[in-house]
Amino acid sequence: MIVVTGATGTVGSEVVAGLRERGATVRAVVRAGSSGPAGWDDAVERVAADFADPESLDAALAGADVVYLLVAVHPEMAGHERNVIDAAVRTGRRPRIVLHAAAGVEHRPEGVRFVGSHVSGLDHLRASGLPWTVLAPNGFYQNFLGMAGSVRSGTLAVPGGTGAVSYVDARDVAAAAVEVLATDGHEGAVYTLTGPAGLTHDELAEQLGAVAGRDVAYTALAPEQALAGMLGAGWDPWRAEGMVELYGLYASGQAAAVSPDVEKLTGRPARSFAEFAAEHAAVFRA
Ligand SMILES: NC(=O)c1ccc[n+]([C@@H]2O[C@H](COP(=O)([O-])OP(=O)(O)OC[C@H]3O[C@@H](n4cnc5c(N)ncnc54)[C@H](OP(=O)(O)O)[C@@H]3O)[C@@H](O)[C@H]2O)c1
């Protein structure tokens with residue numbers, strides 16, 4: 001039985017659906033009161049648990065053979081990953097853990113809290129003695145849907161400097177995860193999941209403009225300007241500071257490399273940003 005955490009989110013909901021398409025026995029870990037997206041079939045077992053509540057995780061992981069460990073971005077996310085790993089150890093069944101982390105996790109970048117949280121989770125996983133695999137996706141194309149309002153008014157304003165980023169479609173991340181969860185032979189592997197190209201934010205803005213039917217200009221915000229904007233918009237400070245750190249990594253060019261792992265795992269090329277933008281043209285068009 002495959003247990004999927006973070007099951008109602010962007011990636012997790014697609015992972016559950018993809019595993020069911022392959023006929024796998026799936027348990028989705030949801031929060032109390034949630035029954036998951038309407039698209040899941042009735043065969044998906046839903047179990048309520050909270051990453052901060054070890055007892056609930058014991059119930060959620062009981063009987064697991066494989067666990068997809070995806071936690072949300074949160075100040076306690078490293079502790080949440082540890083809680084799931086500890087609950088997996090307590091099952092006594094040595095389930096295989098597929099840790100959904102972030103690109104760069106194996107390079108242990110300093111001062112990038114989102115990645116650093118996954119580094120800490122991975123260290124804990126290695127020390128647990130459980131069999132493991134890591135999925136390390138780059139930033140998702142889907143993040144741009146959250147900036148659609150600004151794109152519609154002709155601006156892509158982020159602190160991304162001039163660095164290229166090999167963003168990836170979250171659906172390709174989910175498809176790669178399904179393959180790793182449903183098949184054997186991935187123990188100890190770190191799969192880096194990227195799109196097919198490293199693109200600067202200038203190039204991304206141009207591609208968004210092409211589907212939006214207007215010029216979209218990239219404004220390279222200074223980090224402090226971006227932080228002030230996010231705090232002004234009511235972002236949680238921990239998350240806002242984390243975003244600025246992440247864009248600092250992007251600006252440095254360290255997130256530009258293209259990996260073959262999506263195609264290696266799924267058997268088809270990773271979706272391009274242009275394809276993603278075209279599919280969502282209505283959202284980006286004023
Ligand atoms: N976004 C990116 O560009 C990017 C890139 C690389 C890696 N990542 C990594 O991807 C992960 C986020 O994936 P995502 O975008 O698919 O997440 P998401 O859409 O934010 O979904 C988070 C999931 O976790 C659940 N959840 C949140 N808090 C919980 C709690 N306390 N107990 C139990 N479940 C809880 C949510 O449930 P509800 O639906 O009930 O809230 C939801 O199912 C993070 O680990 C992040 O570091 C993200």
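We count ligands from 1, going down the list as the structure has it; atoms in each ligand are counted the same way. Both backbone and side-chain heavy atoms feed into the values below; hydrogens, waters and symmetry mates do not. FYI, the numbering just counts along the sequence from 1. Computed from a predicted model, the values in this text were never measured in an experiment.
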Check: Between Asp53 and Arg31, is the closest basic N to carboxylate O distance under 4.0 Å?
Finding: no
What pairs of donor and acceptor atoms, side-chain ones from residues 67-76 against any protein atom, are under 3.5 angstrom apart with sequence neighbours left out?
from, atom 1, to, atom 2, distance (Å)
Tyr68, OH, His100, ND1, 2.7
His74, ND1, Glu76, N, 2.9

Notebook entry, point to check: Do Asn138 and Ser166 have side-chain atoms, one donor and one acceptor, less than 3.5 Å apart?
Noted result: yes
Check: Under a strict 4.0 Å criterion on non-hydrogen atoms, which protein residues are in contact with ligand 1?
Finding: Gly6, Ala7, Thr8, Gly9, Thr10, Val11, Arg31, Ala49, Asp50, Phe51, Leu70, Val71, Ala72, Val73, Met77, His100, Ala101, Ala102, His118, Pro137, Asn138, Gly139, Phe140, Asn143
Check: So does Glu187 pair up with Arg96, basic N to acidic O under 4.0 Å?
Finding: no
Notebook entry, point to check: How many angstroms lie between atom CD of Gln207 and atom CD of Glu275, to the nearest 0.5 angstrom?
Noted result: 10.5 Å
Margin query: Check whether Asn83 reaches the backbone of Phe51 with its side chain - one donor and one acceptor, N or O, closer than 3.5 Å.
Written below: yes
